[in-house]
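Read through the structure below, which is laid out as structure tokens, and then see the notes.
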Protein chains: 2
Amino acid sequence: MIQDPQQRARLLEHFAFLRTAERDFREAFFDRAVTARLPAGHIICHDGGSCAQLALALAGTARIYKLGENGREVTLYRIGPGESCVVTAACILSARPFPAFAVCETAIEAVVVGAADVRRWMAASAPWREFVFGLVAERLGEVFGVLDAILFKPLDQRLAALLLHRWQAAGRPAMLHTTHQALAVELGSSREVITRLLGELEGRGALRTGRGRIELLDPGLLGARDTID
Amino acid sequence: MIQDPQQRARLLEHFAFLRTAERDFREAFFDRAVTARLPAGHIICHDGGSCAQLALALAGTARIYKLGENGREVTLYRIGPGESCVVTAACILSARPFPAFAVCETAIEAVVVGAADVRRWMAASAPWREFVFGLVAERLGEVFGVLDAILFKPLDQRLAALLLHRWQAAGRPAMLHTTHQALAVELGSSREVITRLLGELEGRGALRTGRGRIELLDPGLLGARDTID
DNA sequence: CGCCACTCTGTGACTATGTCACCCAGCAGC
DNA sequence: GCTGCTGGGTGACATAGTCACAGAGTGGCG
């Protein structure tokens, strides 16, 4: 039950479906929802596990990824404030195991509702339905995009696009703080390959690398055609 | 409008949600649905296009695949009798473009309903909701599986699993009728690579190849660990 | 300060897969 | 039998992943 008016206001701010929803549904939502705090690194779902709850993020981000037997992984997508993991939703609604891993990347504050409520509201509230469908379609699109990138785009372009994206998202700072390993995991590649590609970019004068950081000197030289990931 | 009692019976047989549905919904469904016949090769949706209708297959199969700029492709999944393309459904429900191609593999007989009805029934009928969610989760799982296979499984195992699967699905015939190109497209690889791998398997005595056909001599020698695709 | 443990990075050799360029084989229509 | 088409074979090369190991930065601690 969420009673604190400030918390309610935050929810309304992040989740449009609550603003457009009928009064009844909104009250029911506040009545049944529970706030939760998860530390960074917390495993929300694991491959093959089942999900009994749907979490709507208020603050922090989670990363959803596939992990192979050999230890390699790919990031499929992230969820941030105002979003929720649809795959979880889909699993809840059809009672299937969750086909990937989800972990907290940062500490997360979220609102949690049970599977039964999720299902019930699908019948009761149009805005809630729209919200859930929107999430499903969005994530589906992202996963399709990842697949597309992995199969059809050369890795150097994907790396360039990723760096560019990170750089812009961070407000075009002088330095990016990340490791080769982290980039590899993001792209579903391996560290050595990323190291080599970065070396190549460094040779071209596009960037300079250091332990745990990458300095973008000339983003134009990266050769990214557009943002892929 | 579907009036023919035989056609109605066929629908009931293929789609469980119609059997468990309320009488009202069933009548509404028959009232609004339309049967359609599509020839083999017909393009149902194309990448980036939008979908105005949801098709429920009664007979025939469709293949949903991703196509890269270079012309390579991967099969994501198929839909057969009693199924429907969820991605279409997700797109309908969230008004997003369709992120892949869908074509008829064989001639298809289907029942088509408009996007507005699809949305409306989501509110009105629990069995319909279950049906749609089930499809979404199932396809989502298949796409995740493809991603997993592409990233983490060696191609020779994927090929072996595919051959084994085809062979079993066809009732363990003496011959499989397919081309190297078709197998490549299925796995998201290229013809030359498949040719080489098949050559290797032939060398091992697992099969014999001929123009447009593959004879499985000893399925055990394929080396498939389990069915991947 | 110097040592140590740890993480991150660099590199070479090798394998797997994809791409390109051709050529050849089987089959159908004329 | 010619011809054209589709399917198959192959070598050379490019890209990407794996393995093994060396070395470089960093922080804790005596």
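Only heavy atoms go into these numbers, but all of them, side chains included; no hydrogens, no water, no symmetry mates. Throughout, protein chains are lettered first and strands after them, A, B, ... in sequence-line order, and every chain is numbered starting at 1.
Residue I150(B) forms a side-chain contact (heavy atoms from CB on, under 4.5 Å) with just one option from L187(B), L155(B), V74(B), and that option is V74(B). Residue S84(B) is tested with V113(B), V132(B), L135(B), V118(B) for a side-chain contact (heavy atoms from CB on, under 4.5 Å); the sole match is L135(B). Partner of R78(A) under the salt bridge (Lys or Arg N to Asp or Glu O under 4.0 Å) criterion, out of E186(A), E138(A), E142(A): E186(A) alone.
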Table of protein N/O atoms under 3.5 Å from nucleotides 21-28 of chain C N/O atoms:
unit_1, atom_1, unit_2, atom_2, d
dG26(C), N2, R211(B), NH2, 3.3

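Put simply, CG on L187(B) is 14 Å from C1' on dG18(C), counting in whole angstrom units. In this structure, CD1 of I194(B) is placed 8 Å from P of dG18(C), rounded to the nearest angstrom. dA16(C) atom P lies 15 Å from atom CZ of R158(B), rounded to whole Å. One interatomic measurement links the two molecules: CG of L155(B) to P of dT19(C), which rounds to 12 Å at whole-angstrom precision.
Contacts with DNA chain D (heavy atom under 4.0 Å) in residues 195-206 of chain B: T195(B), R196(B), listed by number. Heavy-atom distances under 4.0 Å link DNA chain D to T179(B), H180(B) of residues 174-184 of chain B, given in residue order.
Residues V143(B) and L140(A) are not in side-chain contact: their nearest non-hydrogen atoms beyond the backbone lie 4.5 Å or more apart.
D218(A) pairs by the side chain to side chain contact (heavy atoms under 4.5 Å, CB included) definition with L221(A), not counting sequence neighbours. A182(B) meets the side chain to side chain contact (heavy atoms under 4.5 Å, CB included) test with T178(B), T179(B); sequence neighbours excluded. When the side chain to side chain donor-acceptor pair (under 3.5 Å) test is applied to E130(B), the partners found at least two apart in sequence or on another chain are R119(A). By the side chain to side chain contact (heavy atoms under 4.5 Å, CB included) test, D4(B) pairs with Q6(B), Q7(B), sequence neighbours left out.
Applying the ring pair (Phe, Tyr, Trp, His ring centres under 6.0 Å) test to residues at least two apart or on different chains, none of the pairs has a partner in residues 174-203 of chain B. Every pair passing salt bridge (Lys or Arg N to Asp or Glu O under 4.0 Å) that includes a residue from residues 202-216 of chain B is listed here, sequence neighbours excluded: R208(B)-E215(B). Residue pairs meeting the ring pair (Phe, Tyr, Trp, His ring centres under 6.0 Å) criterion with at least one member in residues 191-215 of chain B: none, sequence neighbours excluded.
Remark: the backbone N or O of L216(A) is not paired with any side-chain donor or acceptor of W167(A) at under 3.5 angstrom.
Bounding nucleotides for the chain B contact on DNA chain D, 5' to 3', at a heavy-atom distance below 4.0 Å, are dT6(D) to dA12(D).
For the OP1/OP2 pair of dT9(C) and a distance below 4.0 Å, the side-chain nitrogens and oxygens of T209(A) include no atom meeting the criterion.
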Could you go through residues 38-65 of chain B and list every donor-acceptor pair under 3.5 Å that involves a side-chain atom there, pairing it with any protein atom two or more places apart or in another chain?
unit_1, atom_1, unit_2, atom_2, d
T61(B), OG1, E105(B), OE1, 3.2
R63(B), NH1, T75(B), OG1, 2.6
R63(B), NH2, E73(B), OE1, 2.7

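Between D156(A) and G212(B), the one whose closest nucleotide on DNA chain D sits nearer the 5' end is G212(B).
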